[in-house]
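In what follows, residues are counted from 1 in the order of the sequence shown. All values below were derived from every heavy atom in this structure, side-chain atoms included, with hydrogens, water molecules and symmetry-related copies excluded.
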Amino acid sequence: MKSKNIYKLLVFFLIITVTAAFVGCKNKSEYENVDLEDKHSAEVVDDKDTIKKDTVDEVKDNRELKLSAEFPEDINPLSSENESYNNIMAIANDGLFKMDKNYVAVEDIAISSEISKDAKTATVTIGDCKFSNGDFVSSYDVIRSYEYIRKSGSKKYRYMTHNIRSIVARDRKTLVVSYDKPEPMYKYTLLFPILKNPSEIDSSAYTKTGSREIKLVTNGKYIVDSFVPRGDMILLKNKAYHKKIKFLNEKIHVKIVPDMKSRMEMIRSLDSSMDIVDKASLSLFQEKPFKIRQFEGDVFQSVVFGNNPVFEKTYVRNSIFKSINIDEIIKIGYANLASKTTLPLHINDEVIKKPRIKKYDYSSVDIDRLKKETSGTMKLNIIVKEDDSEKFRISEIIRDNLRKIGFECDIIKLDEKEYENRLISKNFDLAIVDYRLGEKPEIEYYLKLYAYQDEKLRDIINKLENSDSVEAYVGYSEQVEDLELKEAYYIPLAIKKQIFVTSFISEGSPESIMGNIFLNVNEVK
């Protein structure tokens with residue numbers, strides 16, 4: 001979600017006070033009496049600043065870069081759903097294109113590409129890139145990887161390819177990609193890593209090997225030198241890498257651990273240089289050896305409307321939208337660990353040129369008109385999962401906001417299965433939903449899943465899906481924003497931030513973007 005270059009020391013005591021207080025909170029009183037302004041406090045650094053080198057006498061300088069990942073049941077990077085493992089493998093595997101820090105798809109293994117006038121056919125030329133076994137990456141490797149994704153790929157990669165009709169090889173270095181619908185942002189559909197023989201990576205055999213070493217053929221900045229299940233993975237820099245980049249580390253040592261708790265302990269013991277930390281674990285790092293950075297994440301949260309007939313009235317939806325104080329929700333509900341947005345897109349998305357973020361301020365509502373529009377029916381329910389304390393806090397704020405315009409709201413806690421069933425059937429009044437942002441701007445997919453449907457919206461969804469140029473897609477996305485603020489098809493809340501912790505023994509400029517939290521890890525020591 002979002003400049004992530006880190007340049008100069010900046011300590012935000014106010015932010016860290018709120019952030020630390022957030023951990024373990026179940027009500028507002030738990031935000032009080034927190035003092036982190038002592039000499040042992042960790043530094044909170046935003047993504048626009050670089051950290052000045054600190055002298056830490058008690059920490060021994062360690063030049064080897066160490067990371068950790070949870071034990072993956074599936075070691076195939078194209079089908080694994082294990083995020084921590086996939087982040088490591090993103091260092092070792094390249095694709096035709098990659099995301100840069102501005103969420104723009106740029107050439108990686110590909111050296112040139114073009115799209116037809118109708119945006120239904122892309123031609124891509126591959127450069128000279130070798131796998132770790134010495135073989136050149138070819139068009140046929142791309143095709144095999146694509147076919148594996150369509151058959152067995154993870155959710156992350158399957159969604160990228162859903163509009164691809166076929167990929168064929170013109171020759172060893174040239175590919176022709178055909179699409180069912182126009183695909184002006186075609187590069188975003190070809191971000192998947194290219195593997196040598198993906199169907200031959202046997203994860204079922206891997207899980208039974210115990211301490212026996214596994215061999216993986218890769219093509220990225222680092223190659224897998226050794227991989228022992230439930231043990232260690234050693235990455236060595238790829239001396240035959242196809243691009244000139246700055247290397248500070250000959251080796252990256254990855255410890256395979258059982259769970260997230262173990263990953264947190266690896267950072268605390270300085271056996272891992274960096275990782276994403278959840279809010280529940282944040283308090284473990286409020287001490288000197290750590291830096292805490294906030295990066296935009298990839299979870300967009302919004303309030304959506306269910307099947308209550310009262311929502312057929314645009315004024316009712318719009319009144320609810322206007323009554324919800326989103327600034328209060330970001331400050332208290334998210335403890336400022338979120339960014340306001342109107343569309344389900346990365347904040348710094350350079351393709352759609354966000355943020356436009358039109359004004360949708362908390363404002364008064366004509367209650368007399370609202371009562372007429374609802375025929376006096378002024379009671380709603382908000383559904384939440386029983387173990388989701390964050391959404392429960394946000395629901396409490398929404399309930400208090402709606403009470404001011406005459407609505408009484410019940411917050412209904414549901415188990416995960418019942419919650420999902422209610423969402424699918426629209427059997428609720430209001431719900432706060434998570435939408436995982438993908439690399440490719442795809443507003444229409446969110447609208448079909450969650451937005452309140454009417455003829456105007458269906459028309460704009462169709463135009464988005466059939467845009468034959470980036471300019472057309474951008475134009476229609478602006479129309480969606482205009483319609484949303486007028487028709488209130490959903491109520492945008494925020495994109496949640498990620499908390500990224502590094503130790504003071506690490507130097508360099510790690511950056512975190514969705515898809516690869518270890519962007520520029522080769523520049524870290």
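- In this model, a donor atom of one side chain and an acceptor atom of the other lie less than 3.5 Å apart for Ser84 and Asn82.
- One N or O on the side chain of Ser145 and one on the backbone of Leu195 form a donor-acceptor pair closer than 3.5 Å.
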Is there a side-chain contact (heavy atoms from CB on, under 4.5 Å) between Val524 and Leu248? Walk through the geometry before answering. CA-CA 6 Å; Val524 180; Leu248 292 180; over 6 Å; no

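- In the model, Ser272 has no side-chain atom that pairs as donor or acceptor with a side-chain atom of Arg263 under 3.5 Å.
- Under the 3.5 Å distance criterion, the side-chain polar atoms of Ser80 are left unmatched by any main-chain donor or acceptor of Asn76.
- Considering all non-hydrogen atoms of both residues, Phe131 and Ile194 come closest at CE2-O, 3.6 Å.
- Of all heavy-atom pairs between Asn219 and Cys129, the closest is O-SG, 4.1 Å.
- Annotation: side chain of Phe290 is in contact with side chain of Leu270 (closest heavy-atom distance under 4.5 Å).
- For the atom pair Ile252 CD1 and Ser273 OG, the distance stands at 9.0 Å (nearest 0.5 Å).
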Give the C-alpha distance, both sets of side-chain angles, the deciding distance and a yes or no for side-chain contact (heavy atoms from CB on, under 4.5 Å) between Lys255 and Asp271. CA-CA 8 Å; Lys255 186 72 175 178; Asp271 283 328; over 6 Å; no

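- Within the model, atoms CD1 of Ile329 and CD of Glu390 stand 11.0 Å from one another, a figure rounded to the nearest 0.5 Å.
- Residues Pro441 and Tyr188 are in side-chain contact: their nearest non-hydrogen atoms beyond the backbone lie under 4.5 Å apart.
- Within the 3.5 Å criterion, the main-chain N or O of Pro198 finds no donor-acceptor partner in the side chain of Arg144.
- With sequence neighbours excluded, no residue forms a side-chain hydrogen bond (donor to acceptor under 3.5 Å, both in side chains) with Asp415.
- Checked by atom type, the side-chain pair Asn522/Lys221 shows a donor-acceptor distance below 3.5 Å.
- Proximity of a side-chain donor or acceptor of Asn325 to a complementary backbone N or O of Asp327 within less than 3.5 Å is detected.
- Inspection of the Asp388 and Tyr419 side chains reveals no N or O donor paired with an N or O acceptor under 3.5 Å.
- With hydrogens and angles ignored, the 3.5 Å screen pairs no side-chain donor or acceptor of Asn102 with any backbone N or O of Val104.
- Legend: ring-ring contact (aromatic ring centres under 6.0 Å, His included) pairs involving residues 241-275, not counting sequence neighbours, sorted by first then second residue: Tyr222-Phe247.
- Considering only heavy atoms from C-beta on, Lys291 stays 4.5 Å or farther from Val501 through its side chain.
- Within the 4.5 Å cutoff, the side chain of Leu65 has heavy atoms near those of the Met274 side chain.
- By the side-chain hydrogen bond (donor to acceptor under 3.5 Å, both in side chains) test, Asp74 is found to be paired with Ser79, Ser203, residues two or more places apart in sequence or in another chain being considered.
- More than 12 heavy atoms of other residues, nucleotides or ligands sit less than 6.0 Å from atom OH of Tyr159.
- At least one cation-pi condition fails for Lys496 and Tyr334: the charged atom is not both under 6.0 angstrom from the six-membered ring centre and inside a 45 degree cone around its axis.
- With respect to the salt-bridge test (charged N to carboxylate O, under 4.0 angstrom), the residues Lys215 and Glu213 qualify.
- Counting only residues at least two apart or in different chains, salt bridge (Lys or Arg N to Asp or Glu O under 4.0 Å) contacts with residues 75-86 comprise Glu83-Arg436.
- Lys261 meets the salt bridge (charged side-chain N to carboxylate O under 4.0 Å, His left out) test with no other residue; sequence neighbours excluded.
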Go through Tyr435 and Tyr446 one step at a time and tell me if the ring pair (Phe, Tyr, Trp, His ring centres under 6.0 Å) criterion holds. CA-CA 7 Å; Tyr435 177 69; Tyr446 169 83; 5.2 Å; yes

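- Of the residues listed (Asp108, Asp94, Asp128), the one engaging Lys243 in a salt bridge (charged side-chain N to carboxylate O under 4.0 Å, His left out) is Asp108, and it is the only one.
- In this structure, NZ in Lys101 is found 8.0 Å from CG in Asn520, a value given to the nearest 0.5 Å.
- Aromatic ring pairs are classed by plane angle as parallel below 30°, tilted from 30° to 60° and perpendicular above 60°; the pair Phe227 and Tyr85 is parallel.
- Glu444 and Tyr473 share a side-chain donor-acceptor pair at under 3.5 Å.
- Considering only heavy atoms from C-beta on, Leu414 stays 4.5 Å or farther from Val384 through its side chain.
- Distance check, rounded to the nearest 0.5 Å: CG of Leu78 to OH of Tyr146 gives 13.5 Å.
- Rounded to the nearest 0.5 Å, atoms CD1 (Ile398) and CD1 (Ile411) are 8.5 Å apart.
- Using a 3.5 Å distance cut-off with no hydrogens or angles, the side chains of Thr342 and Glu481 do pair a donor with an acceptor.
- At least one side-chain heavy atom of Lys440 sits under 4.5 Å from a side-chain heavy atom of Thr189.
- Contact annotation: the side chain of Val224 never approaches that of Val217 to less than 4.5 Å [non-hydrogen atoms, C-beta and beyond].
- Here the shortest heavy-atom pairing between Ser395 and Ile382 reads OG-CG2, 3.6 Å.
- When all heavy atoms of Glu328 and Asn401 are compared, the pair lying nearest together is OE1-ND2, 3.6 Å.
- Once rounded to the nearest 0.5 Å, the distance linking CD1 of Ile267 with NZ of Lys66 reads 13.5 Å.
- Applying the 6.0 Å contact sphere to NZ of Lys130 captures no more than 12 heavy atoms from other residues, nucleotides or ligands.
- Minimum interatomic distance between Ala110 and Val124 (heavy atoms only, all atoms of both residues): CB-CG1, 3.7 Å.
- Counted by atom type alone, Asp141 and Ser138 present one or more donor-acceptor pairs between their side chains at under 3.5 Å.
- Counting heavy atoms from C-beta on, the side chains of Pro193 and Tyr157 come closer than 4.5 Å.
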Evaluate the salt bridge (charged side-chain N to carboxylate O under 4.0 Å, His left out) criterion for residues Glu523 and Lys246: first the C-alpha distance (whole Å), next the side-chain angles of each, then the deciding distance (0.1 Å), finally the verdict. CA-CA 6 Å; Glu523 296 183 4; Lys246 180 180 179 181; over 6 Å; no

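- Salt bridge Glu107/Lys98: absent, no basic N to carboxylate O contact under 4.0 Å.
- Scored by the side-chain contact (heavy atoms from CB on, under 4.5 Å) test, Ser262 finds Val257, Pro258, Asp259 as partners (sequence neighbours excluded).
- Checked for salt-bridge contact, Glu250 and Lys237 meet the test: a charged N lies under 4.0 Å from a carboxylate O.
- The aromatic ring centroids of Phe295 and Phe500 lie less than 6.0 Å from each other.
- A salt bridge does not link Lys251 to Asp225: none of the charged side-chain nitrogens sits closer than 4.0 Å to a carboxylate oxygen.
- Annotation for Asp275 and Ser68: closest pair OD2-OG, 3.7 Å, computed over non-hydrogen atoms.
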